[in-house]
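Structure record follows, encoded as structure tokens.
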Amino acid sequence: FSLPAGDVAAILRPRAVTRVPHGPASLLGVLNLRGRVLPVVSLAALLGRSAAPATSAARIVVLDRGAPVGVWVDAVVALSHDSAAQPVDLEALLARDFATITPHSRPGRGAASAERPGGAPAPSAAPQQADLALIGFSLAGQEYALPLDEVVEVIVLPADVASLPRTDEAMLGVTALRGGLLPLVSLRVLLGLPADGWDRGRARIVVTRIGGGLVGLVADSMSAILRVPANMVDQVPPVLTRGRGEAQIAAICRLEHGRRLVSVLSTARLFDSATEARIRATAIGEDAQMPANAQDGAEQFVVFRLGEENYGLPIAAVDEVVRRPDELTRVPNAPAFVLGVMNLRGQVVPVIDQRQRFAVNDAERGSGRRVVIVTIDGLRAGFVVDAVPEIVSVSASELQAAPCLAADGHAVFDRVAIFDRHGAARGGEGRGGRMILLVDAKALLDRAERDVLAALGAEVAATS
């Protein structure tokens with residue numbers, strides 16, 4: 001087969017792509033090509049053929065007519081002006097499989113300021129019933145939390161942490177974060193808990209602001225995002241705050257009728273004045289660490305994992321992230337991906353398995369799965385995901401509109417976060433060049449409703 005050489009912008013060796021759920025069978029995924037989102041399609045699938053096993057000769061041919069598209073082929077064999085090879089009408093093949101493959105016309109901050117068709121403003125995704133938003137994490141088998149508005153992001157503990165001489169046990173060292181130094185402090189030591197016994201692979205850094213700079217608080221793992229009414233939070237009597245730990249607990253959150261207690265911390269009460277002074281001397285200031293955070297309109301996203309892929313939801317669209325209940329109430333005649341309903345503080349919430357809806361291999365299911373609770377236009381649902389590993393802060397310059405890659409034109413992903421190539425390393429992998437597909441929560445719920453109706457309709461037709 002042949003493609004017009006005048007349209008070819010580049011020829012790439014095969015590389016890992018980010019899978020796009022709900023895309024046509026011919027869509028292999030997307031990759032980051034010098035800061036642009038490149039959809040990669042299989043020419044064999046477009047032609048209705050079975051793909052040959054990938055070899056070292058395979059290539060991605062990038063064609064650019066305003067919106068770049070990568071075409072995966074078995075090999076590139078020649079450049080010729082007079083070829084007997086069969087020409088490929090790529091536009092016709094793409095039009096058959098995709099409703100559109102051109103980028104959205106949404107602005108960079110689509111979830112925050114985009115207009116819906118017809119000029120209607122995007123609905124507010126922030127829940128109204130919750131009075132206190134918390135980021136939960138675990139320490140020595142106990143649950144703790146910080147107010148969400150005091151947390152900049154939650155990231156994976158990197159492999160490269162530089163220890164500092166002549167520091168106390170609480171100071172674990174420093175790591176690089178977007179051009180600056182992030183001091184790392186052990187929450188275990190601050191709270192007077194055993195300093196050892198935690199798993200470095202599961203550890204998370206809760207990045208917060210202390211004394212005009214950013215500080216990384218190292219926790220055993222991230223557990224949940226909680227939004228709870230104020231009447232479920234009790235202040236701690238002063239007599240109970242005495243202890244050998246430096247940090248003090250500000251409040252206790254009562255969940256599950258008091259069977260589950262979460263200790264709420266406050267950044268204002270984490271350190272004594274001497275420790276705070278040492279931290280200020282270590283950090284080089286928030287402006288240097290996050291140059292785009294204040295000036296470039298940074299947004300926060302909850303990153304969730306399905307299979308081997310990570311996706312992001314705007315944090316404003318997320319009510320809570322909770323553990324998946326051991327038992328759910330089944331719903332008669334519901335499709336297989338509707339696992340049932342759960343009781344969330346007296347409210348019945350349908351629970352949808354995103355693995356089945358996103359066609360993810362079911363073999364990797366574990367016991368640590370999470371339910372992401374969202375509310376859009378009064379509709380509330382829980383999406384079961386494999387894990388919620390981090391919360392990231394993304395500047396406007398790192399956001400761009402996503403190409404519409406859904407077969408029916410109803411895109412679930414409205415934006416893509418493409419991080420600066422010079423970003424900080426995390427967990428042994430560079431943030432630079434990393435790409436995360438960002439979910440439009442309203443589109444996700446709309447699609448869930450359509451899927452449920454379609455599945456129920458097919459079942460009724462089969463039994464009639």
Side-chain angles (χ1 to χ4, degrees), residues 18-19 21-22 134-139 141-145 154-157 198-199 201-204 206 219-228 255-256 259-260 262 301-315 317-331 334-345 347-375 380-392 412-413 427 436-439 441 444-445 447-448 451-452 455:
T18 299
R19 180 176 170 272
H22 301 301
L134 303 169
I135 295 288
F137 45 86
S138 298
L139 292 168
Q142 302 178 49
E143 287 192 87
Y144 295 85
V154 181
I155 60 178
V156 177
L157 181 66
W198 51 286
D199 182 354
R202 298 185 60 210
R204 294 294 182 267
V206 182
D220 293 1
S221 64
M222 178 178 165
S223 59
I225 297 175
L226 305 170
R227 298 182 190 259
V228 297
L255 302 177
E256 300 174 8
R259 293 189 300 271
R260 178 181 167 202
V262 179
F301 294 90
V302 176
V303 177
F304 64 90
R305 179 167 53 81
L306 287 172
E308 297 180 354
E309 301 293 349
N310 288 329
Y311 306 100
L313 265 171
I315 201 166
V318 177
D319 290 4
E320 302 183 43
V321 179
V322 298
R323 291 186 180 90
R324 184 195 184 282
D326 294 333
E327 294 185 5
L328 298 168
T329 302
R330 294 290 300 174
V331 179
F337 59 79
V338 179
L339 299 179
V341 296
M342 63 181 288
N343 183 346
L344 186 65
R345 294 190 295 279
Q347 184 177 7
V348 176
V349 177
V351 178
I352 297 171
D353 188 351
Q354 289 299 92
R355 268 183 165 264
Q356 294 195 42
R357 295 190 60 247
F358 280 23
V360 177
N361 183 3
D362 201 46
E364 297 295 330
R365 281 194 179 186
S367 59
R369 305 183 78 196
R370 296 288 185 263
V371 181
V372 180
I373 309 293
V374 301
T375 302
R380 201 175 202 200
F383 297 119
V384 178
V385 300
D386 292 344
V388 178
E390 56 185 325
I391 298 171
V392 296
V412 170
F413 304 98
I436 298 177
L437 293 174
L438 303 177
V439 176
L444 193 63
L445 282 179
R447 180 175 285 274
D451 289 350
V452 169

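Position 1 is the first residue of the sequence, and the numbers go up from there. Worth knowing before you read on, the calculation uses all heavy atoms, side chains too, and leaves out hydrogens, waters and symmetry mates.
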> Excluding sequence neighbours, so at least two apart, what forms side chain to side chain donor-acceptor pair (under 3.5 Å) with Arg323?
Replying inline: none
> Given the rule in the side chain to side chain contact (heavy atoms under 4.5 Å, CB included) test, do Met342 and Val322 qualify, once you have shown the distances and angles that lead to the verdict?
Replying inline: CA-CA 11 Å; Met342 63 181 288; Val322 298; 4.1 Å; yes
>> So, using side chain to side chain contact (heavy atoms under 4.5 Å, CB included) as the criterion, who are the partners of Arg19 when residues are at least two apart?
In response: Pro21, Glu309, Tyr311, Phe358, Ala359, Val360
>> Quick one: does any side-chain atom of Ser223 pair with a main-chain N or O of Gly136 as donor and acceptor, under 3.5 Å?
In response: yes
>> What's the separation between atom CD in Gln347 and atom CD1 in Ile373, rounded to the nearest 0.5 Å?
In response: 9.0 Å
> Does Asp386 offer a backbone N or O that forms a donor-acceptor pair with the side chain of Arg370 under 3.5 Å?
Replying inline: no
> If you round to the nearest 0.5 Å, how far is CD1 of Ile155 from CD1 of Ile391?
Replying inline: 11.5 Å
> Does any non-hydrogen side-chain atom of Arg380 lie less than 4.5 Å from one of Leu344?
Replying inline: yes
> How about Glu308: does its CD atom have over 12 heavy atoms from other parts shown lying under 6.0 Å from it?
Replying inline: no
> Pro325 versus Asn343: any side-chain heavy-atom pair under 4.5 Å?
Replying inline: no
> Excluding sequence neighbours, so at least two apart, what forms side chain to side chain donor-acceptor pair (under 3.5 Å) with Asp220?
Replying inline: Arg188
>> Would you compute the distance between atom OG1 of Thr18 and atom CZ of Phe413 and round it to the nearest 0.5 angstrom?
In response: 10.0 Å
>> Using every non-hydrogen atom in the two residues, find where Ala145 and Val262 come nearest and quote the distance to one decimal.
In response: CB-CG1, 3.7 Å
> Taking all atoms of both residues into account, what is the closest heavy-atom pair of Met222 and Val154, and its distance?
Replying inline: SD-CG1, 3.8 Å
>> Going by the rule ring-ring contact (aromatic ring centres under 6.0 Å, His included), which residues pair with Tyr144 if we only count those two or more places apart in sequence or in a different chain?
In response: none
>> On a heavy-atom basis, which atom in Val374 and which in Asp319 lie closest, and how many Å separate them?
In response: C-OD2, 4.1 Å
>> What verdict does the side chain to side chain contact (heavy atoms under 4.5 Å, CB included) test give for Val348 and Thr329, after you've listed the backbone C-alpha separation in whole Å, the side-chain angles of each residue and the deciding distance to 0.1 Å?
In response: CA-CA 10 Å; Val348 176; Thr329 302; over 6 Å; no
>> With rounding to the nearest 0.5 angstrom, report the CG to CD distance, Leu134 to Glu320.
In response: 9.5 Å
>> Checking Phe383 against Val371 for the side chain to side chain contact (heavy atoms under 4.5 Å, CB included) test, could you report, in this order, the C-alpha distance in whole Å, the side-chain angles of both residues, the deciding distance, and whether it holds?
In response: CA-CA 5 Å; Phe383 297 119; Val371 181; over 6 Å; no
> Does the pair Asp353/Arg324 count as a salt bridge with the N-to-O cut at 4.0 Å?
Replying inline: no
> Where the side chain of Arg204 meets the backbone of Pro389, is there a donor-acceptor pair that is under 3.5 Å apart?
Replying inline: yes
>> Quick check: do Val372 and Val302 have side-chain heavy atoms less than 4.5 Å from each other?
In response: no
>> Set out, in order, the CA-CA distance, both residues' side-chain angles and the distance that settles side chain to side chain contact (heavy atoms under 4.5 Å, CB included) for Leu438 and Phe301, then state yes or no.
In response: CA-CA 8 Å; Leu438 303 177; Phe301 294 90; 3.6 Å; yes
> What heavy-atom pair brings Leu313 and Ala441 nearest, and what distance separates the two atoms?
Replying inline: CD2-CB, 3.8 Å
> Do Arg305 and Val385 touch side chain to side chain, with heavy atoms closer than 4.5 Å?
Replying inline: no
